[in-house]
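Read the numbers this way: they start at 1 and go in the same order the structure lists the ligands and their atoms.
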Amino acid sequence: MITIRTYFFPETLEAAYEKLTERKNNAVIGGGAYLKLGSKAIGTAVDLSKLGLEYINEEETFFEIGAMTTFSKMMLNEGLNKHFTNLFQQSIEDIVGMQLKNMVTVGATIYSRYGFSDFLTALLVTDTKVKLFKAGWVSLEEFLEQGPAERDILEKIRIEKRKGFYNFQELRGSSSDYSIINLALAKEGEEYRVAVGARPTRAKLALNTMEFLQNQELTNENVKKAGDILSGELAFGTNVRGSKEYRQSMAKVLLKKALQEVSKDEN
Ligand SMILES: Cc1cc2nc3c(=O)[nH]c(=O)nc-3n(C[C@H](O)[C@H](O)[C@H](O)COP(=O)(O)OP(=O)(O)OC[C@H]3O[C@@H](n4cnc5c(N)ncnc54)[C@H](O)[C@@H]3O)c2cc1C
């Protein structure tokens, strides 16, 4: 069970940051769903819910999304679904139930860089930048690799609109458990982006697979080759949900399915 000594509703991000960095045991509260699973003793809980950070703004060339935007808002947003051929819907819909999706937030998910995350895998195949209050803009890829240089608050993200076809695949034992492995694919013109998450470590782009697929005819042989490259280039591991070998072979299956779905959408 978590304990919270005091609760603070900042009116500006500056005030939130100041309070957060005042003491080591102060913590930002997003949706609060994940924090509640733990046993942290929080000094001051810095609640971001009154900062107007729950929004999805569609501009001509990008979407800007506030840190407090919930998964249900992401899943049901028409502009996002249309532009990214339901990528976010596919990556969110199987996560537990609607009550949880109404709570959990985009900012907390990205900032925490969870290895099991489905949403992060999907987001990684888009051109996304993350805005941290202190450190400023950084690419999602870099943020996932390196994390924040110092304690920070994720304010918003920007997803560039690129014309393409997108697909998300996952292998899950049940809706109340995390994915055993997940994969997202983007095809923008002749370029592909492939990300694999829940390996069980955090999502990563499969750069060699992406390069191989570029301008490649999707014959059975080439799809098989792409799967072999994929399973060889990323690190897969073992945990209670599955072994390294199982994840390696399932990643190939998910890639094949995603390629099939994207080709179907394209034609
Ligand atoms: C029961 C349960 C099952 C789940 N199953 C899945 C699943 O199958 N697949 C999946 O992808 N995800 C799953 N999740 C994770 C979920 O999707 C969210 O990623 C997670 O709950 C974090 O969101 P939150 O808003 O609850 O974070 P919180 O609990 O509010 O915060 C989590 C951490 O992030 C920090 N934080 C919050 N907001 C910010 C911010 N803006 N800037 C900086 N730091 C911040 C907090 O201080 C805390 O350390 C599950 C979560 C729960 C509780």
Side-chain angles (χ1 to χ4, degrees), residues 1-2 4 7-8 10 13 16-17 19-21 23-55 65-75 87-124 130-135 138 143-144 147-157 168-184 195-200 202-203 241:
M1 198 179 72
I2 56 163
I4 296 176
Y7 220 82
F8 177 58
L13 269 165
Y17 181 76
K19 185 58 79 180
L20 174 69
T21 49
R23 279 174 188 275
K24 245 185 164 165
N25 66 347
N26 293 353
V28 169
I29 307 281
Y34 200 80
L35 272 170
K36 269 198 235 159
L37 295 180
S39 56
K40 224 173 175 170
I42 297 173
T44 300
V46 183
D47 190 317
L48 305 182
S49 62
K50 294 193 174 157
L51 289 175
L53 295 177
E54 188 174 359
Y55 58 85
I65 298 164
M68 289 297 281
T69 304
T70 62
F71 272 22
S72 53
K73 292 267 161 60
M74 287 296 290
M75 184 176 83
L87 175 72
F88 299 118
Q89 183 188 333
Q90 290 165 358
S91 71
I92 291 172
E93 64 192 354
D94 291 336
I95 298 175
V96 193
M98 209 55 194
Q99 273 177 323
L100 185 83
K101 296 197 244 299
N102 284 337
M103 287 174 74
V104 303
T105 57
V106 165
T109 301
I110 299 172
Y111 193 82
S112 302
R113 306 186 301 144
Y114 301 117
F116 60 76
S117 180
D118 299 302
F119 175 68
L120 285 181
T121 305
L123 198 59
L124 195 52
V130 165
K131 168 87 186 323
L132 298 164
F133 173 71
K134 199 71 190 159
V138 53
F143 183 74
L144 289 185
E150 53 185 323
R151 282 187 102 184
D152 216 324
I153 297 177
L154 196 145
E155 183 184 336
K156 60 183 173 183
I157 62 171
F168 175 83
Q169 298 286 331
E170 77 207 326
L171 182 68
R172 195 187 280 274
S174 81
S175 67
S176 57
D177 201 1
Y178 299 137
S179 292
I180 300 164
I181 182 104
N182 59 37
L183 177 145
V196 186
R199 298 174 291 117
R202 82 176 64 96
R241 286 182 190 82

Locate the shortest heavy-atom distance separating [X] from [Y]; write the atom from each residue and the value.
| X | Y | result |
| --- | --- | --- |
| V106 | G66 | CB-O, 4.4 Å |
| I180 | G173 | CD1-N, 4.1 Å |
| L35 | K40 | CD2-CD, 4.1 Å |
| V130 | L154 | CG1-CD1, 3.4 Å |
| I110 | L144 | O-CD2, 4.4 Å |

Please confirm whether [X] comes within less than 3.5 Å of ligand 1 when only nitrogen or oxygen atoms on both sides are compared.
| X | value |
| --- | --- |
| Y34 | yes |
| L37 | no |
| A27 | no |
| T105 | yes |

Select one of side chain, backbone, both or neither to describe which atoms of [X] lie under 4.0 Å from any atom of ligand 1, heavy atoms only.
| X | value |
| --- | --- |
| D94 | neither |
| L48 | side chain |
| V96 | side chain |
| A33 | both |
| Y111 | side chain |
| L100 | side chain |
| E155 | neither |

Please write down residue, atom name and distance for the protein heavy atom closest to [atom].
| atom | answer |
| --- | --- |
| atom 34 (O) of ligand 1 | S112 OG, 3.1 Å |
| atom 29 (O) of ligand 1 | L35 N, 2.8 Å |
| atom 4 (C) of ligand 1 | Y178 CE2, 3.6 Å |
| atom 47 (O) of ligand 1 | V28 O, 2.6 Å |
| atom 28 (P) of ligand 1 | G32 N, 3.5 Å |
| atom 42 (N) of ligand 1 | L154 N, 2.9 Å |
| atom 18 (C) of ligand 1 | T109 OG1, 3.3 Å |
| atom 23 (O) of ligand 1 | A108 CB, 3.6 Å |

Considering the heavy atoms of [X], write down every atom of ligand 1 situated less than 4.0 Å from one of them.
| X | value |
| --- | --- |
| Y114 | 19 (O), 20 (C), 22 (C), 32 (C), 33 (C) |
| D152 | 43 (C) |
| S117 | 11 (O) |
| I153 | 42 (N), 43 (C) |
| D118 | 7 (C), 8 (O), 9 (N), 10 (C), 11 (O) |

Q. Any Lys/Arg nitrogen of E150 or K134 sitting under 4.0 Å from an Asp/Glu carboxylate oxygen of the other?
A.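 Here E150 does not pair with K134 in a salt bridge, since their nearest N and O are not under 4.0 Å apart.
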Measure the shortest side-chain to side-chain distance between [X] and [Y] over non-hydrogen atoms and say whether it is less than 4.5 angstrom.
| X | Y | answer |
| --- | --- | --- |
| T69 | M74 | yes |
| L100 | F71 | no |
| F143 | L132 | yes |
| I157 | L123 | yes |
| N26 | F8 | no |
| V46 | Y17 | no |

(Q) Could you check, using the six-membered ring where one of them is a Trp, whether Y178 and Y114 have ring centers closer than 6.0 angstrom? (A) no
(Q) Just to verify, which of R202, K101, R172 counts as forming a salt bridge (Lys or Arg N to Asp or Glu O under 4.0 Å) with D118? (A) R172
Q. Considering only heavy atoms, which of F116, Y17, F71 lies nearest to atom 15 (C) of ligand 1?
A.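 Of the listed residues, F116 has the closest heavy atom.
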**Q.** Euclidean distance, L13 CG relative to K156 NZ, rounded to 0.5 Å
**A.**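 With rounding to 0.5 Å, NZ (K156) is 10.0 Å from CG (L13).
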Q: Using non-hydrogen atoms of the residue, decide whether R172 is closer than 4.0 angstrom to ligand 1.
A: yes
